[in-house]
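As structure tokens, the structure follows; a few thoughts come after it.
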2 protein chains.
Amino acid sequence: MSRNIQVTIIEDDDTIRSGYSFLIGNTEGYEVVSSYCSYEAAALKIANDKPDVILLDIEMPGTNGIDAIPKLKKLLPHVYILILTVYESEKLIFEALANGAAGYLTKNTASAKIIESIKEVKEGGGPMSINIAKMVIKSFQKNQESPLSKRETQILEQVCNGKSRSQIAKELFIDLETVRSHIKNIYVKLDVNSRADAIKTARENKLI
Amino acid sequence: MSRNIQVTIIEDDDTIRSGYSFLIGNTEGYEVVSSYCSYEAAALKIANDKPDVILLDIEMPGTNGIDAIPKLKKLLPHVYILILTVYESEKLIFEALANGAAGYLTKNTASAKIIESIKEVKEGGGPMSINIAKMVIKSFQKNQESPLSKRETQILEQVCNGKSRSQIAKELFIDLETVRSHIKNIYVKLDVNSRADAIKTARENKLI
DNA sequence: TAATTAATCACCCCATTGGGGTGATTTTTT
DNA sequence: AAAAAATCACCCCAATGGGGTGATTAATTA
């Protein structure tokens, strides 16, 4: 009834690539339809391979994995891309996810977990390594010890939404001068003197 | 050598509470130090229980789980809070995480996974149910079919950072009039006529 | 209870900004 | 060859933003 999960591997290291290939190819229900050592090599033929899931490395010669994601998605709009890399930098992780990666595993991940994640991603899940999940969750968390009051935080949020003083005043049913006053206090507390700097500081310190 | 993981359960449903209590209490290496049916009940005594991990429900009489998170964190700064609930709304999930929850599981989660997640959270991980992970990852993903050009997207990002036209011009080494021109085109494409509306539309459509 | 902090509003000043027009040139992509 | 993207130019003017300085009334904390 159910077809094997078709997997393509894009990874420049020969040893790792054949390792994954062997692992997946010998697992019941999985099938490696192709493997490439670069995006450029994959681009030429992958549209015919029609994989369900692509295992993608980030560090590669030529087009790197991050930039390869949108290009692969264009070639195969319904493919699920699972990043499998040694990198754990926040920037790379979020860029990969923003570009359309469906999951992110680090290379120390156990074989069983990789196999499980391929299935999970194919079923619409979002597999992540423990450490990745930690970073992702942390990125959501607000600073619990903000120097700003509730009202100030509320107003700063509106500033981040690009609202003008008068717009904020209307929405919060307070006077324009009150908004001004709050913003001035925010500037003092954050030690800034412009909207742009306030937003920057607020984001850096997760005050919003 | 290693102490049992001390767990507190806060959950208003008696049946579910004793179910979890039984499950965790009878697992090697885990210990239920206390269980409460509301935040109010917990607040009085939990500081003495000193749990490592709190299993917290969202739907509860009195203070709900979301609002209870920061309060519990104040009472026990080093506690890990694991949300265990039936709710899967994006809003609740992100609010819970923003408030400091370390993980988020839905109640259909298998017993073994719950036990594993408690350990994971105590070790600094960020356990999530598959469906939650999916939503979290989706929240990062940009719209791949933006109506905006690269330059326009770049400029809109700066607008979202609260930058003025002249600041953007300086940063991108282009003329102020060019920035103006781009912003005007962005407004036309997004069918808006102010920064605030552009930011709103951009966020709603994940163009940034 | 006393002292802070938070939240509200007021009026001064003025350079900068933002948004609406209209139009043109050059490079890149299709 | 045509379309889209990126660049720059000049018109207009109300609204905005940031800098001062200061006051009143809750609410919270010491």
Side-chain angles (χ1 to χ4, degrees), chain A residues 43 63 67 70-71 74-75 142-202 207-208, chain B residues 43 63 67 70-71 74-75 142-202 207-208:
Chain A
T63 306
D67 296 332
K71 295 176 197 278
K74 239 179 189 169
L75 293 170
K142 279 197 193 175
N143 187 342
Q144 307 280 305
E145 287 141 27
S146 169
L148 304 179
S149 72
K150 271 191 183 177
R151 199 54 152 176
E152 285 162 355
T153 304
Q154 199 175 16
I155 283 169
L156 185 52
E157 272 163 9
Q158 296 307 309
V159 169
C160 287
N161 290 335
K163 303 274 174 70
S164 70
R165 293 172 186 166
S166 49
Q167 283 175 306
I168 297 174
K170 266 176 209 156
E171 281 179 36
L172 301 184
F173 304 105
I174 53 179
D175 195 275
L176 188 123
E177 280 304 316
T178 308
V179 176
R180 234 166 102 53
S181 174
H182 281 305
I183 292 180
K184 276 184 272 193
N185 288 332
I186 292 169
Y187 284 8
V188 171
K189 285 186 179 176
L190 301 188
D191 191 26
V192 297
N193 53 9
S194 75
R195 290 166 99 83
D197 287 344
I199 292 172
K200 186 160 173 269
T201 303
L207 306 180
I208 43 153
Chain B
T63 306
D67 296 332
K71 296 176 197 277
K74 236 177 189 172
L75 293 170
K142 279 196 195 175
N143 186 343
Q144 307 280 304
E145 287 141 28
S146 170
L148 304 180
S149 71
K150 270 193 185 177
R151 199 54 153 178
E152 285 162 354
T153 304
Q154 199 175 16
I155 282 168
L156 185 53
E157 272 163 8
Q158 296 307 310
V159 169
C160 288
N161 291 334
K163 304 273 174 71
S164 71
R165 293 173 186 166
S166 49
Q167 283 175 306
I168 297 173
K170 268 177 208 155
E171 280 177 38
L172 300 183
F173 304 105
I174 53 179
D175 194 275
L176 189 124
E177 280 303 318
T178 308
V179 176
R180 234 166 100 55
S181 174
H182 282 305
I183 291 179
K184 275 185 272 194
N185 289 333
I186 292 170
Y187 284 8
V188 171
K189 286 186 180 177
L190 301 188
D191 190 27
V192 297
N193 54 8
S194 73
R195 291 167 98 84
D197 287 343
I199 292 172
K200 185 160 173 269
T201 303
L207 305 180
I208 43 151

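Chain naming here is simple, since letters A, B, ... match the order of the sequence lines and numbering starts at 1 in each. Values reported hereafter were calculated over all heavy atoms of this structure, with side chains retained and with hydrogens, waters and symmetry mates removed.
Listed candidates were C:dA7, C:dG19, D:dT7. Nearest to the side chain of B:Y187 is C:dG19. In the set D:dA6, C:dG18, D:dG17, the nucleotide with an atom closest to the side chain of B:K150 is D:dA6.
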With side-chain contact (heavy atoms from CB on, under 4.5 Å) as the test, would you mind laying out the steps for B:K184 and B:V188 before giving the verdict? CA-CA 6 Å; B:K184 275 185 272 194; B:V188 171; 5.7 Å; no
Show, in sequence, the C-alpha distance, side-chain angles and deciding distance for B:T153 and B:K150, and conclude whether the side-chain contact (heavy atoms from CB on, under 4.5 Å) test is met. CA-CA 5 Å; B:T153 304; B:K150 270 193 185 177; 5.7 Å; no
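Going from atom CD1 of A:I155 over to atom C1' of D:dG18 covers 16 Å, rounded to whole Å. When the P atom of C:dT17 is taken as reference, atom NZ of B:K163 falls 14 Å away, rounded to whole Å. Counting to the nearest Å, the P atom of C:dA7 and the CG atom of A:L156 are 13 Å from each other. The separation between A:E152 atom CD and C:dA6 atom P is 6 Å, rounded to whole Å. Summarising the geometry, the separation between CZ on B:R195 and C1' on D:dG17 is reported as 12 Å, rounded to the nearest angstrom. As rounded to whole Å, 14 Å separates atom C1' of C:dT8 from atom CD1 of A:I186.
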Contacts under 3.5 Å, N or O only, protein and nucleotides 28-30 of chain C:
none

Taking distance alone, no hydrogens or angles, what donor-acceptor pairs closer than 3.5 Å link side-chain atoms of residues 173-181 of chain A to residues at least two apart or in another chain?
unit_1, atom_1, unit_2, atom_2, d
A:D175, OD1, A:E177, N, 2.7

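Between A:P147 and A:L207, the closest side-chain pair of non-hydrogen atoms falls below 4.5 Å.
Of the inter-residue distances, the one linking A:R195 atom CZ with A:I186 atom CD1 reads 9.5 Å to the nearest 0.5 angstrom.
Less than 4.0 Å separates DNA chain C from at least one heavy atom of each of the following residues of residues 165-185 of chain A: A:I174, A:D175, A:E177, A:T178, A:R180, A:S181, A:H182.
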